Amino acid sequence: MNGIHDVRLPAGPQAAALAELWTIMLWVCAIVFVLAMAALAMSMRQSARNRHEGSSPVAIDASRESALRRWIGGGVAASAVLLFGLLFASFRADRALAGLPLEGAVHIDLTAHQFWWEARYEPHEPTLTFATANELHVPVGQPVLMRLRSDDVIHSFWVPSLAGKKDLIPGRETTLAYRADRAGVYRGQCAEFCGYQHAHMALVVIAEPPDEYARWLETQRRPAVAPSSADERRGRDLVEQTSCAMCHAINGTLARGQRAPDLTHLATRRSLGAGVLPNTFAGRIDWINDPHRFKPGVNMPPLTAAPADLAAISAYLGALR
Amino acid sequence: MSSRGRDRGRVGRGKGRSFDLNIALAKQASRAVVTACAMGLLLFAAMPVSSGTPTPGSSGEAAAHWPSPGRDAALTRFTPLADISPSNVASLKLMFTHSTGILRGHEAAPIVVGDTMYIVTPYPHRVEALDLTHAGRPRWRFDPQPDAYAQGVACCDVVNRGLAYANGKVFFNTLDNQTIALDAANGRELWRFRSGDVKAGETRTMAPLVVDGRVFIGNSGSAFGVRGWLAALDESNGKELWRAYSTGPDAEVLIGADYRPFYAKDRGTDLGVTSWPRDGWKIGGGTVWGWISYDPKLDLIYYGTSHPAPLNAAQRPGANRYTSGIFARDARTGMARWFYQLSPHDEFGYGAVNENVLVELEWGGRSRAVLLHPDQNGYVYVIDRASGEVLSAEAFAPINTSTGVDLSTGELRYAAAKQQRLGTVVRDICPGAAGAKSWQPSAYSPRTKLLYIPHQNLCQDQQVMQTSYIVGTPYLGSISQMKPGPGGARGRVTAWDPVAATARWTIDEDLPVWSGALATAGDIVFYGTLDGWFKAVDARDGRRLWQYRTSSGIVGQPVSYRGTDGKQYVAVLAGVGGWAGAVVAGELDVRDGSAAGGFAGALPDLKYRTVRGGMLYVFALP
Amino acid sequence: MCSRFPEHVAQIAGPYRRHACQALVAAVVGAILAGCERETRGFEHSLDAARIAPADDASTNARVAHDERNAYALAAGKRLWTWYNCAGCHAHGGGASGPALTNNVWVYGSDPAALYRSIADGRPNGMPAFGTRLSNDQIWQLSAYVRSLAAIAPQDAAPNRDDAFLTRTPESFMDPQPALGPVPSSSGSSR
C-alpha cells in the first residue's frame, strides 16, 4: 500500500504538533550534542597536555578550580534550562493533542487483529453502521474519533502523517482523535510487535473532500452488489458454501462470519492481506489459493479448488463495488 | 358431580312433623327437579360447543378435566376441585405410576379428558393415552419418529412442554419442527404440519394453544440465530392460516392499521428492521417457545418473544424489535393490537416468553382485565390486556441489571455497572441468563388472589465477544457461568400478591424450582424440586404440608383432575432435565462451569442429588 | 566460557569445575533443542495437505500425533474452537446441546481418525458436517485440540491460559477422568 508515510509531512493538527515537538527536540539535542562533544574533545586535549607535564590526570589544580566550577555550573544550569524548555514544549504538544475539537466527529471502532485492521463506522447507529478493513476513508477537515480495541495481542496504530502511535491492548478500550486537513492517501502500519507478520500489517487512511466521502459512505452502507453473470453467481455460491463464509461477511448474502475482513465492498479497496498483494483478479486468486505463500502465519486457511472455481470466486469478489 | 359431598340438606328434620313433612316433600321434589335441570345444563355445558379450551372458572364436567397445560386459555393452572385440603393432604397417597421409558427432561403436563390421560415424552416424543379407569393402562401409543439431528440443536435439553386436547383430537409439537394432530380416541395421525430446518438450528418445544378452530404454534432457536415466529394452523387440516414473525418489516410482523402500542417507544414503521443493523433481523431470534394465552372477550392472544441473537449485544445496536416483549394479536387474523418491549436491546438473554396469566383484578377501585407476567428480568408485570399499559412492575427476585421500570414511558432502566463490555468479565449479574424465572409456569388462585411463582435465584459471571453467524451453529458470542444468588438458596417459590405488588410468602429451596405450579380450590399449591421431591404447601401461608420423593427430578407441570371414581387426583411427570437439569439429563461434565449454558457452575452437585428418569406419578387421598 | 567460571561456584565444583560447567552447558542446550518440536510453526505446508480428502488412519494418526506435541497447532485448534462456535454446543468441553468431551465418554470414538470423521462428516444426532467448510489442516488441529481438552494427548504443549473467561482448569492441567469424589456433604435443602 502506498501513501504518505512521513512524520515530517504532517497533514493534520495532531501530526503537526508532534512534528513541531520532534523538530524542537532534534535541534536542541543536536546543538547540545555538538557542544557536549566539543567539551569532551577539549577536555581530552587538556588532559593529554596535563599528562605531558607529569601530573596525574585527576589531580586537582587549585588555580583552575574556580574556572572549572564556572564551566560545569554553567553547563548544568544550561542543561536544566533546556530540559525544562523541552518539558514545556512537550507539555504544549500534549495540550495541542488533547485540544482537538470533536464536534461532528466521525466515530470509528478500530479493532486490531493478527494481522489486519477492522473498522466499524458509527457502531451505535443501527441504520448507519457498516464494517470495512485496512482502508479507512475520512472527510477532510472533520475530526475522527476512533475507539481502539484489540482482538488478540497488543498492536499499535500509527499513521505518522496524521497522529502519533496509540497501542491497542486486548481487554482494554482507548480512544484516538485526529483530523486530516489535506486530502491525500496516508499510509500507516502496526507499531507494536504482534507476531509473525507484524511487518506486513499496513493500512491506509484516505482523506477526501466531504462530498466524495459522503458518496463513499453511501456505497459502503448498501448491501453487496448482486452477481450479474453465471460465473459470479457460482462464485457467490462457493463463497457461501465453502470456507469463506466461516470467517468473512458479505452483507446481503449468507456469509456472515465476523473473524476476517468484511468483503461487502472489497472491490473498492486497493490491496489484499493488509498491503501484501494488489487487489486484482490474479491477486485474489493467488491469495485465496494459498495466503501462506505471501503471508505465512496469517489465520486464513488455503482454499484448494479447481482453477475455474477460484476464477469464479475472484470474479464475484471483483464485482463487489 | 361437584355437588356431591356438600350441602346435605335438612329434609326430614324440624318440628311439626306432618306440616314439615309436606313442606319437606315439596322441598325434596323441587330439589329433584332442580338437580335434574342442573344435570342437564351441566351435560350441555360440558359438550364442546365452540372448540378449544374451557374458559376459566367453569364448573361441573369441565372441572374434572385438564385439557391443556394451562388448564384454561387464561393459563391459571387452577383447579376448582377442593377435596384435597390442608386438613387431609398429609395422607395423600401414590395411586399408580407409569414409566415413560425415556430418560430426558419431562417438562410436559399430563392432559386429562374424561377417563383418559394423554402424555407426551421428551424426544422422541412418544404420545400415550392412558386409561384412568385401569390405573393408567395404555390405550394407544404414537411414535412420530422425529429426525435424530434435532437433538443436537436443542439448546436446553430435548424437551416437550405438552400437548393440548380439543374437539376429540390431541395436538403436539416435535423437536424437528413438526406439529401433529392425532385422533384422541385411537391415536391415528390426522395431519402433520412441517416448517423449519433443523440444519439451521430451528426446533419446536412449546405446547400448542388450541382455541376457536386454530392451533397456535411458535418456534425455538434464538440461540442459533433463528428468526422467531408464531403461526396459526387450521385445526381441521393443519394448513397454515397466517404467520407473524418477531422481526422484520411490518408486513411480516403483521403490524397494520390496528396496531396501537401503549408506549411511544414501541411506535414506528418497520421497527423490526430499523432497530437492527443491516440484515441483523434475519438472524435476530425472538422465537416463541413459551406460553400463549387467549381472551375470548377481546378475541386476543397474548405471548412473549424470546431474546435477540447474538447474546453479544454490541453486534446488534438498536432496540432489536420485536424481541423480548409481549404481543397482543387478533386471534382470527394475527394482526398485532399492541406490543410492549420489556427488555429492549436485551443484553442478558432474558427474553419475554414467560406466561401471561389472564385475571381480573381490583385496580384503582374498579375491576380491570389484566395479564400477570412474571418475567425473566425479575419483575412481575401487571399489564392492562386491552391497551398494553403497564400498571405495575415490581421485583420478585434480587435484581442488579436494572433499577426499575418507568411506568410513564415503559422503559426498563438498565444499570450501567452490569452492562456488557467487550473483552471484560462482568461478574455477579443478577438475574443470570436463565432469568429470575424461566418457562416454568406459575399458577393463580382466584381464592387467595395470589400468583404462585416457581423460580430460581441465580446470578452469573459473563464475558461477551465477537461471534460469527455460521448457519447451524449457535450464534451467541458469550461465555457465562451461573452461581447461587444472594442468600445462597438457588430456588424459590414466591406467592405474589399482584395488587399489593409484594410477596405474601416465599419458600427457599436449595435447587432451582424448575417445575410448574398447580393451585387448587382446596388452598393447596403443588410443585416439584430438581431432586425429585413433589411438595404440597398451604396456599395461604406456604407451610409445607406433604411431600413425596419421586425417582427423578421434577421439571414437569402438575395437574389435577377428578377421576371416574369421584376422587380428586394430582398427577405429575418426574424426569430431570430441561435447561436446569441438563447436567444430569445430558450427562455433562460439571468441571466446566460454562457447560449447560452456565448451569454447571450453579449446580455441580445435581448429579449427586438425582438421576435420569421418566415416570408419571398419580396421587389421591386414600 | 567454562574457563571463566565464577569463583564461588568454582569452589563448590572443585577440581571437576570444568566438567561440571560443560555438563551444565550441554544440559541447557539439550533442553532448549528438545522444545523445538513444541515450538515449530507449520506455516509452509504443501497445498496437497489442504485438499479436503478422506484421510486414511495412518496419515491422520501421524499428523495428529505431531499436532498434539505442537503448541502452535493446539493453540490454533483452540482458536478455531471459538471461531467456529464449537463452544456453543460443547461449551469448553463440558457440553450443552452437544455431549461433553472431557468426561472420557466417547459416542463415536476418541482416536484421531474418529474425531476427524466426526468433524468432517458430522454425526446423526446433531453434529454438523464441516468437511466442505474447513481445510484439512484445520480439522486436524481441531482433533488434536479436542484430544488435549480431554487430556488423552500429551499435555506438554497444551494451552494453559485463556484469553477469555476461563471456566474450567486449563487444558494442560485437565485430568483425563472426572474426579469421582465423595458426595458433597452440604445440601442445605429444607426437609
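Protein chains get the first letters and strands the later ones, always in sequence-line order, with residue 1 at the start of each. Computed from a predicted model, the values in this text were never measured in an experiment.
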Bottom line for C/Pro124: the part with an atom under 4.5 Å from chain B's heavy atoms is backbone
Where do B/Phe224 and C/Cys89 land on the side-chain contact (heavy atoms from CB on, under 4.5 Å) test, with the steps shown first? CA-CA 10 Å; B/Phe224 287 77; C/Cys89 288; 4.2 Å; yes
First locate atom NE2 of C/His92, then atom CD of B/Gln481, and finally report the distance between them rounded to the nearest 0.5 Å. 10.0 Å
Bottom line for B/Ser594: the part with an atom under 4.5 Å from chain C's heavy atoms is both
So, the part of B/Val426 with a heavy atom under 4.5 Å from chain C: the answer is neither
Side chain, backbone, both or neither: which part of B/Ala154 has an atom under 4.5 Å from a heavy atom of chain C? backbone
Hey, is the main chain of B/Glu587 close enough, under 3.5 Å, to the side chain of C/Asn103 for a donor-acceptor pair? yes
N/O donor-acceptor pair under 3.5 Å between B/Asp592 side chain and C/Arg168 backbone: no
For residues B/Cys155 and C/Ser97, report the shortest heavy-atom separation together with the two atoms involved. CA-CB, 4.2 Å
Would you say that C/Asn125 contacts B/Tyr123 through its side chain, given a criterion of any heavy-atom pair below 4.5 Å between the two side chains? no
Engaged part of B/Gln466 at the chain C interface, taking heavy atoms whose separation is under 4.5 Å: neither
Between chain C and each of B/Gly593, B/Gly423, B/Ala582, B/Ala600, count heavy-atom pairs under 4.5 Å; write down the option with the most. B/Gly593
Between the CZ atom in C/Phe165 and the CZ atom in B/Arg427, the distance rounded to the nearest 0.5 Å is 5.0 Å
In terms of heavy-atom pairs under 4.5 Å with chain C, which of B/Ser468, B/Gly152, B/Ala489 leads? B/Gly152
Is the backbone N or O of B/Tyr475 less than 3.5 Å from a side-chain atom of C/Asn85, with the two atoms forming a donor-acceptor pair by type? no
Need one label for B/Asp461: side chain, backbone, both or neither, based on atoms under 4.5 Å from any heavy atom in chain C. both
Determine whether C/Thr167 and B/Ile479 make a side-chain contact, defined as any pair of heavy atoms from C-beta on separated by less than 4.5 Å. yes
If you count heavy-atom pairs under 4.5 Å with chain C, which of B/Gly586, B/Pro474, B/Gly598, B/Ala595 comes out on top? B/Pro474
Interchain contact, B/Leu476 with chain C, by part (heavy-atom threshold 4.5 Å): side chain
Take C/Tyr84 and B/Ile470 through the test side-chain contact (heavy atoms from CB on, under 4.5 Å) and record every step on the way to the result. CA-CA 7 Å; C/Tyr84 296 149; B/Ile470 299 170; 3.9 Å; yes
Euclidean distance, B/Tyr149 OH relative to C/Met127 CE, rounded to 0.5 Å: 8.5 Å
Does C/Arg69 CZ have over 12 foreign heavy atoms under 6.0 Å away? no
